[in-house]
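These numbers come from a predicted model, not from an experiment. Chain naming here is simple, since letters A, B, ... match the order of the sequence lines and numbering starts at 1 in each.
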Amino acid sequence: MDIDLYSYFYDLVKQIPKGMVTTYKELALALGDQIASRAVGQMLAENPTPIIVPCHRVIKSDGTLGGYNHPFGTNKKIELLESEGIKIKNGVVENFNEIIFKDFKTEFPLKKLRNDEQILKEKISLNDVNYDGIVAIDGSYNGRTIYLSFVKIDENLKILDIKNYKDIVNFPYIPTYFSYREGKEIIKFYDGNDLLLIDGNGIMHPRGFGLASFVGVIKNIPTIGIAKSHLFGDIFNDKILSGNAQIGWYIQNRYISPGSNISMESSFILIKKLFKKGDPIKLAHIYANRFMESEQQRQ
DNA sequence: GCGACAG
DNA sequence: ATCTTGTCGC
């Protein structure tokens with residue numbers, strides 16, 4: 001399923017009738033997961049066609065207005081809402097409960113993605129396989145444009161090859177749904193039989209299926225997730241657990257987990273070895289940024 | 001009121 | 001990852 005979540009979302013916003021409002025949370029629920037609330041705000045901020053897509057009709061769950069991307073900011077939002085008959089007092093919408101629109105016609109796309117994951121997740125293997133080389137991957141973003149770098153390295157972090165790709169993403173960043181933003185892009189451009197080091201998590205994920213697992217299963221190659229911050233699991237010294245089961249490692253302030261086609265133990269040994277020389281994701285990040293800046297120079 | 005929230 | 005249209009739980 002390759003959904004353009006931006007388009008799907010703007011179509012949802014168009015359903016809010018004049019004279020009514022909805023909330024960021026209700027739109028997130030219509031997408032299929034409340035965790036997308038902030039992404040709703042982000043997509044509204046990027047609304048390419050204000051008024052046509054009536055983003056001014058979206059307010060916060062407590063009845064206050066929330067932001068508006070306009071030189072006059074929230075004042076413009078108030079003006080638009082009042083012109084549609086909405087009463088606002090002290091920055092709060094009156095009769096909030098009577099005029100809140102919740103009846104979206106939707107197929108809950110994020111729920112669909114979660115269902116699809118259940119099938120893919122069965123294909124995760126934590127058995128070691130052979131691979132050609134090691135490739136570290138990172139993406140830099142400017143709005144909806146991604147600049148992706150694939151940096152082939154040896155075990156001493158010596159750079160052997162660099163490949164860069166530029167694309168427009170069709171999915172916002174939503175916590176725990178990072179696969180559908182960056183993973184789709186990695187899958188689109190990567191071709192080979194290397195071990196991939198990916199900026200995010202593998203099996204160390206609330207649904208056991210993070211970005212590195214998504215890529216590892218779909219490409220059927222070994223992948224390791226390397227995250228800079230904590231998403232899921234309980235840290236005990238250098239191990240990260242979910243219940244009794246180990247799901248990852250905490251090494252040098254990084255959150256490491258196998259994606260697929262590699263064992264927990266091999267992930268540890270390889271990452272330990274690489275980290276003695278440096279952080280491969282940081283390396284890929286430098287090249288992704290450099291690529292982004294050089295492309296922007298070309299304008 | 002402050003921190004979480006993979007990037 | 002950027003540079004700010006959220007929500008929940010402590």
Side-chain angles (χ1 to χ4, degrees), chain A residues 9-10 13 16 21-29 31 33-47 50 53-78 80-81 91 93 137-149 169 171-186 197-215 223-233 240 247-248 250 253-257 259 281-282 284-286 288-289 292-293 296:
Chain A
F9 171 74
Y10 295 129
V13 178
I16 311 163
V21 294
T22 194
T23 66
Y24 302 96
K25 176 179 164 178
E26 288 302 326
L27 276 165
L29 291 171
L31 286 174
D33 197 330
Q34 178 181 316
I35 204 170
S37 297
R38 272 200 310 177
V40 164
Q42 186 60 42
M43 289 190 284
L44 292 172
E46 295 170 21
N47 180 6
V53 172
C55 57
H56 57 281
R57 295 175 193 155
V58 186
I59 66 169
K60 302 212 321 186
S61 292
D62 62 2
T64 61
L65 291 167
Y68 196 68
N69 191 2
H70 181 278
F72 299 150
T74 304
N75 288 330
K76 182 67 182 177
K77 196 169 187 174
I78 293 170
L80 288 167
L81 286 172
V93 169
I137 304 175
D138 190 50
S140 287
Y141 293 86
N142 178 19
R144 285 178 59 175
T145 308
I146 182 173
Y147 301 86
L148 202 55
S149 278
V169 295
F171 206 96
Y173 172 72
I174 301 172
T176 81
Y177 294 84
F178 190 36
S179 297
Y180 307 99
R181 181 171 174 84
E182 197 154 306
K184 290 278 183 195
E185 299 297 323
I186 293 172
L197 305 173
I198 301 179
D199 63 327
N201 290 299
I203 64 170
M204 193 160 62
H205 177 276
R207 300 186 295 277
F209 199 68
L211 171 62
S213 296
F214 179 88
V215 174
T223 55
I224 299 175
I226 303 177
K228 286 188 287 295
S229 65
H230 180 257
L231 174 68
F232 181 74
I240 306 178
I247 53 174
Y250 184 55
N253 209 23
R254 291 288 182 274
Y255 302 80
I256 312 296
S257 59
I281 296 297
K282 200 180 263 179
H285 183 67
I286 290 167
N289 260 339
M292 179 168 73
E293 278 159 21
Q296 286 168 350

### Geometric class of the A:Y250/A:Y255 ring pair [parallel <30°, tilted 30-60°, perpendicular >60°]
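Answer is tilted, since the angle falls between 30° and 60°.
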### Query
How are the rings of A:F171 and A:Y180 set to each other: parallel, tilted or perpendicular (split at 30° and 60°)?
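Rings of A:F171 and A:Y180: tilted, as their planes differ by 30° to 60°.
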Can you find a side chain N or O atom of [X] that sits less than 4.0 Å from OP1 or OP2 on [N]?
X	N	result
A:S229	B:dA4	no
A:K76	C:dT5	no
A:H285	B:dG7	no
A:N289	B:dG7	no

Heavy atoms only, 4.0 Å cut-off, all strands: where does [X] land among base, sugar-phosphate and nothing?
X	answer
A:A45	base
A:Y141	sugar-phosphate
A:H205	base
A:T176	base
A:N201	base

Could you state the atom-to-atom distance from [atom1] of [X] to [atom2] of [N] in whole Å?
X	N	atom1	atom2	answer
A:H70	C:dT5	NE2	C1'	14 Å
A:L231	C:dA1	CG	C1'	16 Å
A:N69	C:dT2	CG	C1'	14 Å
A:L65	C:dG6	CG	C1'	14 Å
A:N75	C:dT5	CG	P	15 Å
A:L148	C:dA1	CG	P	13 Å
A:I174	C:dG6	CD1	C1'	13 Å
A:F232	B:dC5	CZ	P	12 Å

For the side chain of [X], starting at C-beta, report the closest nucleotide among [options].
X	options	result
A:C55	C:dT5, C:dA1, C:dT2	C:dT5
A:K77	C:dT2, C:dT5, B:dG7	C:dT5
A:Y68	C:dT5, C:dT2, B:dG7	C:dT5

### Side-chain heavy-atom pair A:Q42, A:P172 within 4.5 angstrom cut-off
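No, side chains not in contact.
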### Query
Any side-chain heavy atom of A:Y68 sitting closer than 4.5 Å to one from A:L80?
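In contact.
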### Query
What is the pairing partner of C:dC10, taking Watson-Crick or G-U wobble pairs with both distances under 3.5 Å in any strand?
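Looking at the geometry, C:dC10 pairs with B:dG1.
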### Task
Assess the side chains of A:S140 and A:N289: does a donor N or O sit below 3.5 Å from an acceptor N or O?
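Checked: A:S140/A:N289 side chains pair up, N/O donor to acceptor below 3.5 Å.
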### Query
Any luck finding a side-chain donor-acceptor pair between A:Y177 and A:D33 under 3.5 Å?
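Yes, side-chain donor-acceptor contact under 3.5 Å.
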### Pairwise distance CD1(A:I240) to CD1(A:I256) - rounded to 0.5 angstrom
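One finds 8.0 Å between CD1 of A:I240 and CD1 of A:I256.
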### Considering all heavy atoms, the nearest A:S213-A:F209 contact
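Between these two residues, the closest heavy atoms are CB-CD1, 3.8 Å.
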### Task
Quote, to the nearest angstrom, the P distance that separates B:dC5 from C:dT4.
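Per the computed distance, 23 Å lies between those P atoms.
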#### Entry: C:dC3 and B:dA4, which share atom name P, separated by this distance in whole Å
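Each nucleotide's P atom is 23 Å from the other's.
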With 3.5 Å as the limit, what N/O pairs link the protein to nucleotides 7-10 of chain C?
from	atom 1	to	atom 2	distance (Å)
C:dT7	OP1	A:K25	N	3.1
C:dT7	OP1	A:S61	OG	2.9
C:dT7	OP2	A:S61	N	3.2
C:dT7	O3'	A:Q34	NE2	3.3
C:dC8	OP1	A:K25	NZ	2.5
C:dC8	OP1	A:Q34	NE2	3.3

